[in-house]
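Report on the following structure.
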Amino acid sequence: MVSNMSTNEAIVRLGAAVSALGDVDVSAWSDDALRDQLGELSRALCALDALLSRVADDVRARGLRIEEPVAA
């Protein structure tokens with residue numbers, strides 16, 4: 001659980017998760033492979049959505065905004 005780790009460790013782990021997701025390219029999967037993995041993929045995506053929403057809501061509850069980075 002993030003609350004039991006240091007802030008820096010939490011940020012590093014979030015960065016690693018973002019990096020791992022960046023490596024996922026379902027467009028390269030065959031239709032059969034996608035169909036075979038769709039249930040697991042759906043569960044993972046729904047769980048990620050719920051967790052990201054919780055973290056964002058917690059930040060907003062403290063009166064802070066989540067802003068998209070400005071492209072360089």
Side-chain angles (χ1 to χ4, degrees):
M1 178 173 237
V2 173
S3 63
N4 292 330
M5 67 180 76
S6 73
T7 303
N8 288 338
E9 184 181 354
I11 295 300
V12 167
R13 290 178 68 176
L14 286 169
V18 168
S19 179
L21 285 170
D23 292 339
V24 176
D25 180 9
V26 296
S27 68
W29 298 3
S30 70
D31 288 348
D32 288 337
L34 184 55
R35 275 195 275 295
D36 288 346
Q37 296 297 319
L38 192 53
E40 189 171 344
L41 179 62
S42 295
R43 282 187 292 282
L45 291 173
C46 289
L48 284 168
D49 182 55
L51 291 169
L52 289 171
S53 294
R54 181 191 55 81
V55 171
D57 290 346
D58 288 351
V59 169
R60 290 184 192 108
R62 294 185 64 178
L64 301 170
R65 291 182 51 205
I66 296 176
E67 298 178 13
E68 291 188 42
V70 177

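The analysis underlying the following values was restricted to heavy atoms, covering all of them including side chains, and did not include hydrogens, waters or symmetry mates.
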Which value, rounded to the nearest 0.5 Å, describes the distance between [X] atom [atom1] and [Y] atom [atom2]?
X: Asn8; Y: Arg13; atom1: CG; atom2: CZ; answer: 13.5 Å
X: Leu14; Y: Ser19; atom1: CG; atom2: OG; answer: 12.5 Å
X: Ser53; Y: Asp58; atom1: OG; atom2: CG; answer: 10.5 Å

For residues Arg54 and Asp57, determine if any side-chain heavy atom of one lies less than 4.5 Å from a side-chain heavy atom of the other.
no
Please say yes or no: joined through hydrophobic side-chain contacts below 4.5 Å, possibly via intermediate residues, are Val18 and Ile11 part of one cluster?
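No, because Val18 and Ile11 fall into different hydrophobic clusters, even though each may have its own neighbours under 4.5 Å.
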Are Trp29 and Leu45 grouped together when hydrophobic residues (ILVMFWY) are joined by side-chain heavy atoms under 4.5 angstrom apart?
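Yes; tracing contacts between hydrophobic side chains, which count when under 4.5 Å, links both residues.
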